[in-house]
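One is the number of the first residue; the rest follow in order along the sequence.
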Amino acid sequence: DVTVVTYSFGTRVGLEMIRQRPDAVTCFVSILGSPNRILSGLMPHAVARCVVWASRRLGVRASTAVVGASLRCASTFPYLSHVIGRATGYLKSTYGDFARPFFKSLNRLDAETWVRCVWDGHETGALDVLRTLKSRGVYVGIIAGDKDFAAPLRDMREWAAWANYYVMLPNCAHDGLRSHTREIVSLAREILAGAEKRK
């Protein structure tokens, strides 16, 4: 029996992992992540579709180079990235609390994997995996934030139909693990307790 707990980009990775072995999972918890349409939180959906279309025309190699350069820029200038994130409302925590370690670690993210996940998220997504989990009786818990750019609200509302436990935290952005630490830890424990009761 496996409990899968994911955050951010890891939600898509976790769902694709579960797709391979849905029978092995007894509980799935997503914290501030999205099953699809990652770019739609950063820009209007129509613009996001154009970006995906253009990057597909460029191809994997060129798109990976662009994304890789962006990730390196963000990790090289974390303070600037933090200022932009705060100004746009995407981040709520202080620089030292979240932004510095987060942006510094972006250079470890594989650019090609990110590109392929974004492409797949706009074409197919992974909501079908949630449907599979629900049909198998797997306990699903979703912790979302109403200010989280990486998980568009319209997508997160779709999740509610497939979750046993669904919470939308107010004034919570993508850095909620730092700005809403106690609330998220408490909610995650409630989800895991709910899964235990279902066994």
Side-chain angles (χ1 to χ4, degrees), residues 3-15 27-45 48 67 70-110 113-114 117-118 121 125-127 130 139-160 162-195:
T3 294
V4 179
V5 181
T6 64
Y7 164 69
S8 184
F9 185 74
T11 293
R12 280 305 310 279
V13 176
L15 287 170
C27 179
F28 172 68
V29 185
S30 171
I31 301 171
L32 303 174
S34 175
N36 55 4
R37 296 196 285 269
I38 297 171
L39 287 183
S40 293
L42 295 168
M43 58 193 76
H45 188 54
V67 169
S70 300
L71 293 174
R72 286 192 298 275
C73 181
S75 64
T76 303
F77 306 103
Y79 186 75
L80 176 61
S81 302
H82 175 250
V83 169
I84 294 171
R86 292 277 292 188
T88 54
Y90 291 156
L91 300 177
K92 300 293 182 184
S93 59
T94 64
Y95 177 66
D97 261 355
F98 176 85
R100 187 175 187 279
F102 176 77
F103 287 116
K104 283 284 189 183
S105 68
L106 283 182
N107 61 356
R108 296 201 302 267
L109 183 63
D110 184 76
T113 300
W114 196 90
C117 274
V118 169
L127 280 171
L130 290 181
Y139 199 85
V140 175
I142 307 297
I143 301 172
D146 66 352
K147 304 296 184 185
D148 184 8
F149 70 92
L153 288 177
R154 61 179 169 274
D155 290 359
M156 299 316 297
R157 292 187 184 107
E158 287 183 61
W159 277 62
W162 310 107
N164 302 93
Y165 191 107
Y166 177 89
V167 175
M168 178 70 71
L169 289 172
N171 201 35
C172 180
H174 200 55
D175 55 353
L177 282 176
R178 296 299 296 180
S179 63
H180 292 67
T181 305
R182 290 183 180 178
E183 296 99 315
I184 289 176
V185 169
S186 177
L187 292 170
R189 285 176 175 160
E190 286 185 27
I191 293 170
L192 296 176

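Contact of the Phe28 side chain with the Leu130 side chain is registered, since non-hydrogen atoms from C-beta on lie closer than 4.5 Å. Side-chain contact between Ile143 and Tyr165 is absent, with no heavy atoms from C-beta onward closer than 4.5 Å.
Closest heavy-atom contact between Ser75 and Pro78: O-CD, 3.4 Å. Nearest approach of Ile142 to Ala163, heavy atoms of both residues: CG1-CB, 3.6 Å. Contact record, Thr3 with Leu192: CG2-CD2, 3.7 Å, taken as the closest heavy-atom pair. Closest heavy-atom contact between His82 and Thr94: NE2-C, 3.6 Å.
Atom NE2 of His180 and atom CG of Asp175 lie 9.0 Å apart (nearest 0.5 Å). Ile191 CD1 to Ile184 CD1: the interatomic distance, rounded to the nearest 0.5 Å, is 10.0 Å. Within the model, atoms CG of Leu80 and SG of Cys73 stand 7.0 Å from one another, a figure rounded to the nearest 0.5 Å. For the atom pair Asn171 CG and Asp146 CG, the distance stands at 6.5 Å (nearest 0.5 Å). The CG atom of Leu32 sits 9.5 Å away from atom OG1 of Thr6, with the distance rounded to the nearest 0.5 Å.
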TODO: Dump the intermediate steps for side chain to side chain contact (heavy atoms under 4.5 Å, CB included) on Val67 and Val118, then the final yes or no.
DONE: CA-CA 11 Å; Val67 169; Val118 169; over 6 Å; no
Open item on the list: Does Trp159 form a side chain to side chain contact (heavy atoms under 4.5 Å, CB included) with Leu127? I'd like the steps, not just the answer.
Closed with: CA-CA 8 Å; Trp159 277 62; Leu127 280 171; 4.2 Å; yes
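Among residues two or more places apart in sequence or in another chain, the side-chain hydrogen bond (donor to acceptor under 3.5 Å, both in side chains) test is passed with Ser30 by Thr11. Take Ser8 and apply the side-chain hydrogen bond (donor to acceptor under 3.5 Å, both in side chains) test, not counting sequence neighbours, and it matches His174.
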